[in-house]
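Since the structure comes first, as structure tokens, the remarks are kept for the end.
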2 protein chains.
Amino acid sequence: MEYRDAKSKFIQTWGALGSQWGINKTMAQIHALLMVAPEAISMEEIMEELQISRGNASMNLRALMDWGIVYKELKPGERREFFTAEKDLDELAVKISRERSRREIKPALKVLKEVSSIEGGTSSEEKHFIDQTTKLYDFVLKADNVLEKITEYKDNWLTQLLMKFMK
Amino acid sequence: MEYRDAKSKFIQTWGALGSQWGINKTMAQIHALLMVAPEAISMEEIMEELQISRGNASMNLRALMDWGIVYKELKPGERREFFTAEKDLDELAVKISRERSRREIKPALKVLKEVSSIEGGTSSEEKHFIDQTTKLYDFVLKADNVLEKITEYKDNWLTQLLMKFMK
DNA sequence: AATATCTTTCATTTTTTTTTGAAAGTTTAG
DNA sequence: CTAAACTTTCAAAAAAAAATGAAAGATATT
């Protein structure tokens, strides 16, 4: 395979994968493009390479920066802004899991706590509801804690984790 | 909060969460409904409770069954079909991660291997591409292995995992 | 073998999400 | 201060995804 084709295939695949994980296609594609770019690139270049509009590029770059996985870089003497992606994969994974925990898991936990705390009704239907949502709360809380612990292992957490299971 | 409201809030929240994880809203809602139902329920009831059409219910139930997290149950003497969800959370999580690995991670790995194996070009751009996609391949492969190992711990894998980190 | 009960399929419609592009906003330079 | 060089915003358009519902398929019952 040619380099051009490989790059394009990588960007397309990453984009498609993004959709399956609740991230929009363009956002994932921009991220992919920046991941394999040896140095920071401008918005103009991103638009050109992915064939997208200025507004689209601007909004998705902003979203990536909100996730903390893409950085703005200013080159001296240059008016335009350049962008780079977090390239360290351990760091990338840590940032993504922290952010998802903050945005999705924590709010979900709040709701689970709420709904599992209703006054215990009499019907078996209500009893089962309380029981099941309580279990769900405990489970998600535990999972969230495990994730937090794992990502505390600053460097090479994944390798270390794998070791623990190889023994 | 009233039981009715709690149940509705739970279903809504689960549905919204589903969207963020690349699962469609109705599918997640049906799953939520079945999770808290003390016993198997019919398609008619699902349609009624969630206010959705027959076709929608049918397709999403089928999808849930393809994921292996909802089962069809036949009641003796009954013509209609009834449905239940996997209620054991450890089992549920194991099924979901195995399925996502099969459907998404494995195919992604294949592409990563492909694109990282192009003939090493001369330009630094190509070198960086090969280097980065190779790292990504290694990382994802390792993550997939960890996930596989973790889910092998049949029972209480989450608790056991947490222990390992508490020490 | 005709009817009744229930489920699936899929072309069409509806809803939701994403993208566009031009106007407004911002920052630097002269 | 004004112009030039960029970036952001957001209403409208386009595209994608999901839902509907009626017809076609099953399967059991008489």
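Just so it is clear: chains get the letters A, B, ... in the order the sequence lines come, proteins before strands, and each one is counted from 1.
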**Fill in**
The nucleotide from C/dC10, C/dT8, C/dT19 with an atom nearest the side chain of A/Thr26 is C/dT19
**Message:** Both B/Lys25 and B/Gly55 contact DNA chain C. Taking the nearest nucleotide for each, which residue is further toward the 5' end?
**Reply:** B/Gly55
**Prompt:** Are B/Lys72 and C/dT8 close enough that a side-chain N or O sits under 4.0 Å from OP1 or OP2?
**Reply:** yes
**Item:** Test item: side-chain donor near acceptor, A/Thr26 and A/Asn60, under 3.5 Å
**Value:** no
**Prompt:** Below 4.0 angstrom from OP1 or OP2 of C/dT9, is there any side-chain N or O of B/Arg62?
**Reply:** yes
**Message:** In whole Å, I'd like the distance from the CD1 atom of B/Ile46 to the P atom of D/dA19.
**Reply:** 14 Å
**Prompt:** Out of C/dT19, D/dA28, D/dT8, which has the shortest distance to the side chain of A/Asn60?
**Reply:** C/dT19
**Complete:** Whole-Å distance, B/Leu50 CG to D/dA18 P, equals 16 Å
**Message:** Taking the minimum atom-to-atom distance to the side chain of A/Asn24, which one of D/dT8, C/dT19, C/dT9 wins?
**Reply:** C/dT19
**Request:** Give a yes or no on this: more than 12 heavy atoms of other residues, nucleotides or ligands lie within 6.0 Å of atom NZ of B/Lys75.
**Result:** yes
**Prompt:** Do the ring centers of A/Tyr3 and B/Phe129 come within less than 6.0 Å of each other?
**Reply:** yes
**Nucleotide C/dT18, atom P - distance to CD1 of A/Ile30 in whole Å** = 13 Å
**Prompt:** Do B/Glu104 and A/Trp21 pass the side chain to side chain donor-acceptor pair (under 3.5 Å) test, and can you show the C-alpha distance, the side-chain angles, and the key distance before you say yes or no?
**Reply:** CA-CA 10 Å; B/Glu104 296 152 25; A/Trp21 287 81; 3.2 Å; yes
**Prompt:** What do you reckon, is CD of B/Glu39 surrounded by more than 12 foreign heavy atoms closer than 6.0 Å?
**Reply:** no
**Prompt:** Is a donor-acceptor pair below 3.5 Å formed from side chain B/Arg79 to base D/dT27, judging by atom type as modelled?
**Reply:** yes
**Asked** Looking at the side chain of B/Glu81, which of C/dT7, C/dT20, D/dT7 is the nearest nucleotide?
**Response** C/dT7
**Prompt:** Counting side-chain heavy atoms from C-beta on, which of C/dT8, D/dT9, D/dT8 comes nearest to A/Met59?
**Reply:** D/dT9
**Spacing between A/Glu73 atom CD and D/dT7 atom P, to the nearest angstrom** = 14 Å
**Asked** Nearest-Å distance, CG (B/Leu74) to P (D/dA26)?
**Response** 18 Å
**Prompt:** Once you round it to whole Å, what is the distance between C1' of C/dT26 and CZ of A/Arg80?
**Reply:** 18 Å
**Request:** Tell me whether the OP1 or OP2 atom of C/dC6 has a side-chain N or O from B/Arg54 closer than 4.0 Å.
**Result:** no
**Request:** Write down the distance between CD (B/Glu78) and P (D/dT27), rounded to a whole number of angstrom.
**Result:** 18 Å
